[in-house]
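Take a look at the structure set out below.
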Amino acid sequence: MSALRDLIGRRDTLFVDGGWQAASDESRLVVTDPSDETVIAEIPASGAGDIARAAQAAARAWGDWKARPSAERAGYLRGFAEGLRARRAALVELQMRNNGKPRVEAEIDLDDAAATFDYYAGLAEGIDAAQDAPVVHAGGLHRGRVRHEPLGPVGLIVPWNFPLVTSAWKIAPALAAGCTAVLKLSEATPLAELVYGDISIEIDLPPGVLNIAAGGAEAGVAVTTAPELRKVSFTGSNMIGAQVMAALAPRCLPLSLELGGKSAIVVFDDADIERAVDCIIGGIFFNAGQICSATSRLIMERDIAPRLTEALVERTRTLQVGGPFEDNTEMGPITTEAQFERLRETLARARMAGLEALVGGDALDREGRFIAPTIFRDVPHADPVWTEELFGPVLATATVANTEEAVALANATRFGLVGSVVGGDPERADAVADQLEAGQVWVNTPQVVYPDSAWGGFKQSGIGRELGPWGLAAYQGVKHILSES
C-alpha cells in the first residue's frame with residue numbers, strides 16, 4: 001500500500017533533463033475515481049513553457065543518444081520493462097482506481113506495456129548490425145549503402161483510456177531508434193505514466209532522453225508547435241488529430257496518427273454461437289467500450305441472427321457491471337465525466353429516435369459513471385449509433401442476406417481501424433478478412449494485440465503504423481549513400 005500511496009500522493013508532474021521540476025502553470029489537474037467520482041489527487045499542470053523546456057532538453061540530448069550503440073539503448077529499454085514489473089501491484093491498483101478497470105484488464109495493460117519495451121529492446125539490439133546494407137546499381141556502375149537513422153527529438157501525445165500501454169507503444173520504438181522524446185500525458189489519467197520518470201532515474205537514463213509532462217490542451221498544442229521537435233505521434237480523437245495535422249502542416253513535419261474507429265464484426269450462418277458471443281462481448285464491452293478498436297457494429301447473416309441475438313442478449317444481461325474492487329466485476333465505469341455525459345446524451349437521442357434497445361440503453365441508477373451494456377436491434381445505417389464512434393459499451397446490430405452484403409456494409413464507413421469475422425468455413429472467413437478495409441482483422445478469435453503486430457488503420461482511422469518493425473520504422477529516416485564503383 002505504501003507504493004500506491006506514493007504514486008497517488010506525488011506532487012512532481014514535470015520530468016525534464018533527467019529530474020523532476022516544478023510545473024510553471026498555476027492550474028491543477030483533478031484526478032478522480034470514476035466508480036464513485038471521488039477525487040484521488042490534485043496535481044500541478046504543465047503548461048506551454050514547461051513543454052518548451054522539455055523540447056529543448058530533448059534536443060540537447062539527441063546528439064549523444066543517437067550516437068550510442070543500439071545495443072546500449074536496448075539495455076535501457078529492458079530497464080523500463082523491469083521497472084514496470086517491479087511496480088506491478090501498485091500500478092495495477094492505480095489503474096483500477098483512476099481508470100475504473102477491472103483487475104484482469106489492469107493486469108493485461110501492465111503486462112502489455114512491459115512486453116512492448118522487451119520487444120523493442122530486441123529490435124534495438126540488431127539496428128547497428130543492419131546498417132550500411134549494400135546495394136549495387138546499374139550492373140555495378142555504382143554501389144550504394146542504406147542506413148536507417150533516427151528522425152530526431154519527437155513529441156508523443158497519449159490518451160486516457162490505456163495509460164502505460166499507449167505510452168509504451170511510442171516511447172519504446174522512439175528510444176530504440178535513437179530519438180529523444182517529449183511525452184505529454186492525458187490530464188485525466190496521468191498518475192500511472194509519471195512512473196516512467198521514476199524509472200528513468202533508476203536506470204540512469206541520460207538526461208533529456210525522455211521528458212514527461214502532465215497537462216491539458218495548452219500543453220498538447222505546445223508539443224505540436226515546439227520548433228525542436230521533428231515529428232509528432234498522436235493517439236486520440238479524429239477532431240484533435242486534425243488539429244495536430246494542421247499545426248504540423250506549415251513545417252511539413254512527419255506525423256503518426258492513431259485515431260477513431262467504427263469497426264464491424266461479421267458473423268456468418270455457420271458460426272459457432274458460443275464463440276461468436278465471446279468475440280462480440282470482448283469486442284464491445286472490454287474496457288467498457290472505451291477502445292478505438294471496439295467492434296461496435298454487429299453484422300449477422302439472416303439465418304443465424306435470431307439465435308445469436310438471443311444468446312448475446314442473455315449473456316449481456318448477466319454481465320457484472322461495477323467498481324473494479326467489487327466482487328466478480330466484468331465491466332467497469334466510464335473513465336471521464338465528459339465521456340460519461342456524451343454517452344448519456346447519445347443514449348437519450350437514441351430513445352427519442354425510437355431505437356430498440358434489447359438490453360441496456362441508459363446509465364445505471366447508482367453512484368459512479370456507469371453505462372449499462374447496451375445492444376440496439378436493426379439500427380438504421382444513417383443513425384449516429386451506427387455511423388459514429390461512441391467510445392462506450394453500445395453495440396448496433398444489422399442483418400444481411402449474404403457475404404457480399406456483409407462486406408459492403410462492413411466497409412461502408414469512413415473509418416478503417418479493425419474488423420472481426422466469425423464463421424465455420426475458414427476459407428470464406430479468410431476471404432472476407434482479405435476484403436475488409438481495416439488495418440487488423442481477427443478471424444474466429446477475440447481481439448488480441450501483440451507487440452510484433454502492426455497497429456493502425458485505413459481511411460480516417462489514422463496515418464502510419466505502431467508496433468512491430470513498422471513502429472520502429474516510424475521513428476527512422478532512410479538514408480541512401482551512393483558512390484562510383
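Salt bridge annotation for E356-R377: present, with a cationic side-chain nitrogen under 4.0 angstrom from a carboxylate oxygen. One finds a salt bridge joining D118 and R85 here, because a Lys/Arg side-chain nitrogen approaches an Asp/Glu carboxylate oxygen to under 4.0 Å. E326 and R366 are joined by a salt bridge, as a carboxylate oxygen and a charged side-chain nitrogen come within less than 4.0 angstrom of each other. Between R10 and D198, at least one side-chain N (NZ, or NE/NH1/NH2) sits under 4.0 Å from a carboxylate O, which counts as a salt bridge. Between D362 and R351 there is a salt bridge, with a side-chain nitrogen of the basic residue lying less than 4.0 Å from a carboxylate oxygen of the acidic one.
Proximity of a side-chain donor or acceptor of S461 to a complementary backbone N or O of F415 within less than 3.5 Å is not detected. In this structure, the side chain of K231 engages the main chain of A474 through a donor-acceptor pair within 3.5 Å. A donor-acceptor pair is defined here as one N or O able to donate and one able to accept, closer than 3.5 Å; no such pair exists between the side chain of E389 and the backbone of K262. N98 contributes a side-chain N or O that, together with a main-chain N or O of T32, makes up a donor-acceptor pair within less than 3.5 Å. Between the side chain of T329 and the backbone N or O of G323 there is at least one donor-acceptor pair closer than 3.5 Å. In terms of modelled atom types and a separation under 3.5 Å, the side chain of Q95 and the main chain of P163 share a donor-acceptor contact. Looking only at distances, a side-chain donor or acceptor of D270 sits under 3.5 Å from a matching main-chain atom of G424. The main-chain N or O of E42 is found under 3.5 Å from a side-chain atom of R28 such that the two form a donor-acceptor pair. Looking only at distances, no side-chain donor or acceptor of S35 sits under 3.5 Å from a matching main-chain atom of G368. Under the 3.5 Å distance criterion, the side-chain polar atoms of N99 are left unmatched by any main-chain donor or acceptor of T335.
The shortest non-hydrogen separation linking A55 to A226 is CB-CB, 3.8 Å. Between L355 and P380 the shortest heavy-atom distance is CD2-CD, 3.6 Å. In plain terms, the two heavy atoms of A81 and A114 that are nearest each other are CB-O, 3.5 Å. In this structure, A113 and L164 approach most closely via the heavy-atom pair CB-O, 3.6 Å. In terms of heavy-atom proximity, L14 sits nearest to A213 at CD1-CB, 3.9 Å. When every heavy atom of G241 is checked against every heavy atom of L257, the shortest pair comes out as O-CD1, 4.0 Å.
A 4.5 Å side-chain heavy-atom check between Q460 and L259 finds every atom pair outside the cut-off. In this structure, the side chains of L395 and F376 stay at 4.5 Å or more apart for every pair of heavy atoms. Counting heavy atoms from C-beta outward, R369 and P34 have side chains that approach closer than 4.5 Å. With contacts defined as side-chain heavy-atom distances shorter than 4.5 Å, the pair F325/R97 qualifies. The side-chain heavy atoms of N444 and V421, taken from C-beta on, include no pair separated by under 4.5 Å. Using a 4.5 Å heavy-atom threshold, the side chains of V223 and L229 count as touching. Side chains of F286 and I281 form no contact here, defined as non-hydrogen atoms less than 4.5 Å apart. The side-chain heavy atoms of V422 and F268, taken from C-beta on, include no pair separated by under 4.5 Å.
Not less than 6.0 angstrom separates the ring centroid of Y120 from the ring centroid of F80.
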### Message
Determine whether T397 and M300 satisfy the following criterion, side chain to side chain contact (heavy atoms under 4.5 Å, CB included), listing intermediate values before the conclusion.
### Response
CA-CA 8 Å; T397 72; M300 303 172 282; 4.0 Å; yes
### Task
Run the numbers on V277 and L308 for side chain to side chain contact (heavy atoms under 4.5 Å, CB included), then give the verdict.
CA-CA 7 Å; V277 169; L308 177 59; 3.8 Å; yes
#### Entry: Intermediate values then yes/no, side chain to side chain contact (heavy atoms under 4.5 Å, CB included), F15 and N211
CA-CA 5 Å; F15 185 77; N211 307 274; 5.5 Å; no
### Query
Which is it for L185 and V158 under the side chain to side chain contact (heavy atoms under 4.5 Å, CB included) test, yes or no, and what are the steps along the way?
CA-CA 6 Å; L185 308 179; V158 295; 4.2 Å; yes
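With F458 as the aromatic partner, R465 meets the cation-pi criteria of under 6.0 angstrom to the ring centre and within 45 degrees of the ring axis. Annotation: cation-pi geometry not satisfied between R342 and F391 (NZ/CZ under 6.0 angstrom from ring centroid, within 45° of ring axis). K170 forms no cation-pi arrangement with F234, by the criterion of a distance under 6.0 Å to the ring centre and an angle within 45° of the ring axis.
Under 3.5 Å, the side chains of Q440 and W455 contain no donor-acceptor pair of N or O atoms. Looking only at atom types and distance, the side chain of E466 has no donor-acceptor partner in the side chain of S256 under 3.5 Å away. In summary, the side chains of S24 and D50 do present a donor paired with an acceptor at a separation below 3.5 Å, with no hydrogens or angles considered.
Atom OG of S200 sits about 7.5 Å away from atom CD1 of I171, to the nearest 0.5 Å. Taking CD1 of I375 as the start and CG of L312 as the end, the distance is 3.5 Å to the nearest 0.5 Å. Atoms CD and OG1, from Q21 and T13 in turn, are 11.0 Å apart once rounded to the nearest 0.5 Å. Within the model, atoms CG of L110 and NZ of K101 stand 11.5 Å from one another, a figure rounded to the nearest 0.5 Å. Between the CG atom in L156 and the CD1 atom in I212 there is a gap of 10.0 Å [rounded to 0.5 Å]. T225 OG1 to R251 CZ: the interatomic distance, rounded to the nearest 0.5 Å, is 6.5 Å.
Counting non-hydrogen atoms of other residues, nucleotides and ligands closer than 6.0 Å to OH of Y450 gives a total of 12 or fewer. The neighbour count for D365 CG, taken as heavy atoms of other residues, nucleotides or ligands under 6.0 Å away, does not exceed 12. Counting non-hydrogen atoms of neighbouring residues, nucleotides and ligands closer than 6.0 angstrom, the CZ atom of R275 reaches no more than 12 such neighbours.
Evaluated for a side-chain contact (heavy atoms from CB on, under 4.5 Å) with S296, the options L390, I284, I291 yield exactly one hit, I284.
Residue pairs that meet the salt bridge (charged side-chain N to carboxylate O under 4.0 Å, His left out) test with at least one member in residues 399-424, sequence neighbours left out, are E388-R414. Applying the side chain to side chain donor-acceptor pair (under 3.5 Å) definition to pairs two or more places apart or across chains, those involving residues 309-319 are D278-R315.
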